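Scope of the values below: all heavy atoms of this structure, side chains included, with no hydrogens, waters or symmetry mates. In this text, all values refer to a predicted model and were calculated from it rather than measured experimentally.
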Amino acid sequence: MAKNVKSTIGVIAVGIVAVGVVAVGYKVNADRQNEQNVEYVISLIDQEKKQLPEVQKLVDGLYASDKKVFLKKDLTKEQIDVVSKKLSDIKADNSRLDVKDKKLTQQIEAFNQSKSELGEQISIAQKKLATQNATTDLFSEPITDWEKFDENAYIKADVKDTTVNNAKEQMKNLADDDWTKVMNQYLKSATDQVNQIKSIRKTIEELLPNGVISEQATAEAQANLVTEIEKVKNPEVQAELSAQATEIANQLALAATPVVESTVEQTVESTVESTVESTEPVVETSESTYEEPTYVPETPTYQQPTTPSYQQPVTPVQPTTPSTTPSSKTPAETTPSTTPSSETPASSQGAAVDTQGATDSTTNQAS
């Protein structure tokens with residue numbers, strides 16, 4: 001029986017040794033397999049690394065210079081997409097193999113870091129190009145030089161503030177550089193022009209609602225409106241707004257016409273009245289000359305015949321006249337009263353002499 005126990009122990013010992021040998025052999029084989037996998041992944045990384053410089057050259061070609069600030073002139077989205085796909089095809093990781101090695105993991109992380117940096121440069125180029133395309137769509141003429149701002153650029157007639165805001169959205173998360181400064185100038189100019197046109201249209205609506213001027217429409221308001229319209233850069237929009245400003249001016253002139261005529265009439269009437277009343281008339285001279293004789297009768301020239309000098313010659317003759325010849329006196333006395341001319345005094349003296357002569361002759365005959 002003791003012999004059987006020893007045999008059993010021997011068998012067990014042999015079994016244990018065999019298991020140990022197998023286990024050791026399996027571990028050795030596993031380690032060797034892992035090393036082979038590590039070597040394989042490393043070889044893959046080396047191959048991928050060789051492609052990075054090529055992709056780097058393609059990324060550099062997206063920009064105008066090594067500074068990678070301004071994009072290459074005439075760059076297209078399709079050109080960026082080619083470079084992006086080239087980079088995405090490069091893969092270096094241990095996902096395809098169950099490799100667990102700290103050193104290998106570090107190499108993979110370093111490789112992916114380099115790849116990520118290239119991807120970031122491509123992403124920046126994509127955002128900048130999208131911003132440029134959205135911005136150039138705001139203006140009437142395409143912008144070809146993005147390295148400096150063109151202050152003469154003017155927006156399209158149909159641009160809205162929402163369109164400008166969409167262009168601004170493309171610039172999010174981009175670091176400030178010389179390119180962003182130029183872009184901000186263009187976007188600010190577009191915003192200012194949109195707000196300027198909106199403000200002018202609002203003013204026109206207040207002054208000319210439904211095509212008819214309002215109480216707010218004055219010559220001063222219209223002049224200020226014209227001044228603002230002259231600042232509009234887009235010639236098409238400026239012509240449209242100028243036509244509306246002209247309509248406001250025409251309606252203001254038409255509304256003011258009756259007031260002007262009335263003022264002129266009052267001025268003319270006042271002038272005529274003052275002229276008629278003036279002692280030195282300027283207007284209607286013929287009428288004032290016709291009325292002047294009404295003041296002349298006050299002069300003594302016309303009443304001269306009524307002076308006492310007319311009857312003076314008759315008084316001394318009457319006592320010498322004989323009573324027998326009354327009929328001869330009557331003509332001499334009545335004649336002067338019927339001739340009120342300026343020669344009456346001389347005629348009276350002549351009549352007196354003739355009467356004296358006649359009296360002397362009659363006396364001589366009687367004696």
Side-chain angles (χ1 to χ4, degrees), residues 51-90 113-201 231-241:
Q51 299 182 49
L52 291 181
E54 181 182 354
V55 175
Q56 181 68 65
K57 291 180 180 180
L58 294 177
V59 172
D60 294 342
L62 302 178
Y63 293 87
S65 67
D66 294 339
K67 295 180 180 180
K68 297 182 180 60
V69 176
F70 297 100
L71 298 179
K72 181 184 70 172
K73 188 176 182 180
D74 300 327
L75 180 66
T76 64
K77 181 178 181 298
E78 289 73 19
Q79 291 174 333
I80 298 178
D81 290 342
V82 171
V83 179
S84 178
K85 185 176 185 305
K86 183 74 174 178
L87 180 63
S88 63
D89 289 340
I90 300 176
Q113 179 65 29
S114 299
K115 181 181 176 181
S116 177
E117 291 176 357
L118 290 174
E120 181 65 19
Q121 296 175 19
I122 295 174
S123 176
I124 292 175
Q126 289 174 329
K127 290 181 179 181
K128 287 187 174 182
L129 181 63
T131 304
Q132 289 181 179
N133 291 338
T135 302
T136 196
D137 285 343
L138 301 175
F139 294 87
S140 296
E141 298 294 333
I143 301 172
T144 57
D145 188 358
W146 294 99
E147 296 188 16
K148 59 182 180 180
F149 171 64
D150 182 7
E151 61 182 8
N152 295 321
Y154 56 86
I155 61 174
K156 297 177 180 178
D158 58 347
V159 170
K160 308 295 182 183
D161 51 0
T162 54
T163 313
V164 180
N165 292 334
N166 290 337
K168 292 179 179 180
E169 286 292 325
Q170 303 295 330
M171 291 184 60
K172 278 188 173 182
N173 302 323
L174 287 176
D176 292 337
D177 55 19
D178 292 339
W179 178 88
T180 57
K181 291 178 181 179
V182 175
M183 291 305 307
N184 286 329
Q185 286 180 300
Y186 274 112
L187 293 176
K188 182 179 184 302
S189 175
T191 301
D192 292 343
Q193 292 184 53
V194 169
N195 293 336
Q196 177 191 48
I197 295 173
K198 285 175 60 177
S199 177
I200 293 175
R201 292 190 189 281
K231 299 177 183 178
V232 175
K233 294 182 178 180
N234 187 303
E236 178 184 351
V237 177
Q238 187 183 75
E240 175 196 347
L241 299 176

Q. Going through the distances and angles, do Leu58 and Gln79 end up as a side-chain contact (heavy atoms from CB on, under 4.5 Å)?
A. CA-CA 9 Å; Leu58 294 177; Gln79 291 174 333; over 6 Å; no

Q. Run the side-chain contact (heavy atoms from CB on, under 4.5 Å) check on Leu138 and Val164 step by step: do they pass?
A. CA-CA 7 Å; Leu138 301 175; Val164 180; 4.1 Å; yes

(Q) Walk me through whether Asn165 and Glu169 qualify under side-chain contact (heavy atoms from CB on, under 4.5 Å). (A) CA-CA 6 Å; Asn165 292 334; Glu169 286 292 325; 5.7 Å; no

Q: Kindly determine whether Ser189 and Gln193 satisfy side chain to side chain donor-acceptor pair (under 3.5 Å), including the steps that lead there.
A: CA-CA 6 Å; Ser189 175; Gln193 292 184 53; 3.1 Å; yes

Q: Check the pair Met171 / Asn184 against side-chain contact (heavy atoms from CB on, under 4.5 Å), numbers first and verdict last.
A: CA-CA 9 Å; Met171 291 184 60; Asn184 286 329; 3.6 Å; yes

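Rounded to the nearest 0.5 angstrom, Glu141 CD and Tyr154 OH are separated by 5.5 Å. Once rounded to the nearest 0.5 Å, the distance linking CE of Met183 with CG of Asp178 reads 13.5 Å. To the nearest 0.5 Å, the span separating CG on Asp161 from CD1 on Ile197 amounts to 11.5 Å. Here Lys115 contributes atom NZ and Leu52 contributes atom CG; the two are 8.5 Å apart, rounded to the nearest 0.5 Å. Between the OG atom in Ser84 and the CG atom in Leu118 there is a gap of 11.0 Å [rounded to 0.5 Å]. With rounding to the nearest 0.5 Å, the separation of CG in Leu187 from OG1 in Thr135 is 4.5 Å.
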Below 3.5 Å, can you tabulate the donor-acceptor pairs from side chains in residues 125-132 to any protein atom, sequence neighbours excluded?
| from | atom 1 | to | atom 2 | distance (Å) |
| --- | --- | --- | --- | --- |
| Lys128 | NZ | Val69 | O | 2.5 |
| Lys128 | NZ | Asp177 | OD2 | 3.1 |
| Thr131 | OG1 | Lys127 | O | 2.8 |
| Thr131 | OG1 | Gln170 | O | 3.3 |
| Gln132 | OE1 | Trp179 | NE1 | 2.9 |

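Asp145 places none of its side-chain heavy atoms less than 4.5 Å from the side chain of Asp150. In this structure the side chain of Thr163 reaches within 4.5 angstrom of the side chain of Lys160, judged on heavy atoms. Taking 4.5 Å as the limit, some side-chain heavy atom of Lys86 sits within range of a side-chain heavy atom of Glu54. At a threshold of 4.5 Å between non-hydrogen side-chain atoms, the residues Ile155 and Lys233 do not count as touching. The shortest distance between side-chain heavy atoms of Asp192 and Gln196 does not fall below 4.5 Å. Two residues are said to be in side-chain contact when any heavy atoms from C-beta on lie closer than 4.5 Å; Val182 and Glu147 fail this criterion.
Residues passing the side-chain hydrogen bond (donor to acceptor under 3.5 Å, both in side chains) test with Asp60 are Gln56, Lys68, sequence neighbours excluded. Residues satisfying the side chain to side chain contact (heavy atoms under 4.5 Å, CB included) test with Glu117, not counting sequence neighbours, are Gln113.
Taking a cutoff of 4.0 Å between a charged side-chain nitrogen and a carboxylate oxygen, Lys85 and Asp81 do not qualify as a salt bridge.
In terms of heavy-atom proximity, Ala175 sits nearest to Thr180 at O-CG2, 3.3 Å. The shortest non-hydrogen separation linking Pro142 to Thr136 is CA-OG1, 3.4 Å. Taking every heavy atom of both residues into account, Asn234 and Glu236 meet most closely at OD1-N, 2.9 Å. Smallest separation of non-hydrogen atoms from Tyr186 and Phe139: O-CZ, 3.5 Å.
Under a 3.5 Å cut-off, the side chain of Ser123 and the backbone N or O of Gly119 do not form any donor-acceptor pair. With Lys156 contributing its side chain and Asp137 its backbone, the two residues share a donor-acceptor pair below 3.5 Å.
Residue Asp89 qualifies as enclosed at atom CG: its count of foreign heavy atoms under 6.0 Å is above 12.
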